[in-house]
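Side chains included, hydrogens not; waters and symmetry mates left out as well; all remaining heavy atoms used. Along the sequence shown, the residues carry numbers beginning at 1.
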Amino acid sequence: MTFEQIKNDDAVRTYIAHADKTLEALGFTEHSFAHVTLSARRAAYILETLGYPAGTVELARIAGYLHDIGNVVNRVDHSQSGAIMAFRILDRMEFPPEEIAIIISAIGNHDEGTGIPVNEVAAALIIADKSDVRRSRVRNPEDVKVDIHDRVNYSATHSDVTVDPEAKTLVLSLEVDTSISSPMEYLEIFMKRMLMCRTATEKLGLTFHLDINGQRLL
């Protein structure tokens with residue numbers, strides 16, 4: 001079973017689209033195909049760069065794509081409901097139980113409220129998800145003056161994750177337009193996520209760093 005089968009499944013695409021509609025109604029930033037595709041690609045990049053087997057990389061890619069489907073139920077406990085939904089999908093598609101277990105453990109542990117990096121796939125998913133900050137996630141640029149989450153995302157003109165296996169580092173690099181938002185505002189709302197990224201990075205045997213506008217903050 002492959003990522004492409006998951007990506008092209010009609011039910012999966014429906015759940016992702018409706019989950020994003022739910023979050024739009026609640027006032028959250030974009031959590032649709034752009035976010036889950038980036039999460040899938042970044043999670044796979046992390047493990048691939050570290051030399052993990054192709055099968056494990058594929059599981060990270062799938063977990064990244066499915067991780068937010070639980071938002072269709074409710075934002076509260078969406079990681080757990082998403083894991084249950086993913087189980088039903090993967091079981092229907094006859095994924096091996098061992099692979100299902102790894103994927104749903106990662107999905108069920110990606111939220112900063114309750115999650116921990118229980119395995120390498122979970123660690124890669126956490127980093128991929130929490131590092132997605134970008135201007136295009138903001139639905140209404142007019143809200144940036146009053147909503148700090150929109151303002152911080154809108155100020156991010158570039159973000160990237162770089163893994164250096166020899167130096168044993170993982171760096172989240174951001175370019176921020178400080179006329180819109182300051183690095184301090186980013187840390188104000190995302191510090192818990194960054195600490196979770198640090199824990200996830202350590203699970204992979206690496207050291208986490210956060211660079212904003214060329215300055216190392218963590």
Where the side chain of [X] meets the backbone of [Y], is there a donor-acceptor pair that is under 3.5 Å apart?
| X | Y | value |
| --- | --- | --- |
| Arg137 | Glu30 | yes |
| Arg75 | Leu26 | no |
| Arg135 | Thr157 | no |
| His31 | Thr29 | yes |
| Ser182 | Thr178 | no |
| Asn153 | His149 | yes |
| Asp164 | Thr169 | no |
| Asn119 | Ala122 | yes |
| His209 | Leu218 | yes |
| Asp91 | Phe87 | no |

Please evaluate residues Gln80 and Thr114 with respect to the criterion side-chain contact (heavy atoms from CB on, under 4.5 Å), reporting the C-alpha separation (whole Å), side-chain torsions for both, the decisive distance (0.1 Å), and the verdict.
CA-CA 9 Å; Gln80 287 85 0; Thr114 57; 3.1 Å; yes
Kindly indicate, with the supporting measurements, whether the criterion side-chain contact (heavy atoms from CB on, under 4.5 Å) is fulfilled by Val163 and Leu50.
CA-CA 8 Å; Val163 176; Leu50 292 173; 3.7 Å; yes
Could you tell me whether [X] atom [atom1] has more than 12 heavy atoms of other residues or ligands within 6.0 Å of it?
| X | atom1 | answer |
| --- | --- | --- |
| Asp10 | CG | no |
| Gln215 | CD | no |
| Arg198 | CZ | no |
| Phe190 | CZ | yes |

In sequence, state the C-alpha distance, the side-chain angles, and the governing distance for Ile6 and Leu90, and then conclude on side-chain contact (heavy atoms from CB on, under 4.5 Å).
CA-CA 9 Å; Ile6 294 294; Leu90 299 171; 3.6 Å; yes
How long is the straight-line distance from [atom2] of [Y] back to [atom1] of [X], given to the nearest 0.5 Å?
| X | Y | atom1 | atom2 | result |
| --- | --- | --- | --- | --- |
| Phe28 | Asp147 | CZ | CG | 10.0 Å |
| Leu210 | Leu187 | CG | CG | 6.5 Å |
| Ile212 | Ser159 | CD1 | OG | 11.0 Å |
| His18 | Ser32 | NE2 | OG | 10.5 Å |
| Phe95 | Ile102 | CZ | CD1 | 12.0 Å |

A side-chain contact here means heavy atoms from C-beta on lying under 4.5 Å apart; do [X] and [Y] qualify?
| X | Y | result |
| --- | --- | --- |
| Glu120 | Leu204 | yes |
| His35 | Asp129 | yes |
| Tyr65 | Ile16 | yes |
| Ile103 | Val121 | no |

Quick one: sort the His78 and His110 rings into parallel, tilted or perpendicular, breaks at 30° and 60°.
perpendicular
Salt bridge (charged side-chain N to carboxylate O under 4.0 Å, His left out) between Glu58 and Arg61, worked out:
CA-CA 5 Å; Glu58 190 78 342; Arg61 190 177 284 114; 2.5 Å; yes
Worked check of side-chain contact (heavy atoms from CB on, under 4.5 Å) between Met194 and Leu172
CA-CA 9 Å; Met194 294 301 95; Leu172 169 57; 3.8 Å; yes
Glu185 vs Ser155, side chain to side chain donor-acceptor pair (under 3.5 Å): CA-CA, chis, key distance, verdict
CA-CA 10 Å; Glu185 281 197 318; Ser155 73; over 6 Å; no
Thinking salt bridges, do Arg139 and Asp20 make one under a 4.0 Å N-O criterion?
yes
Can you name the residues that form a side-chain hydrogen bond (donor to acceptor under 3.5 Å, both in side chains) with Thr49, not counting sequence neighbours?
none
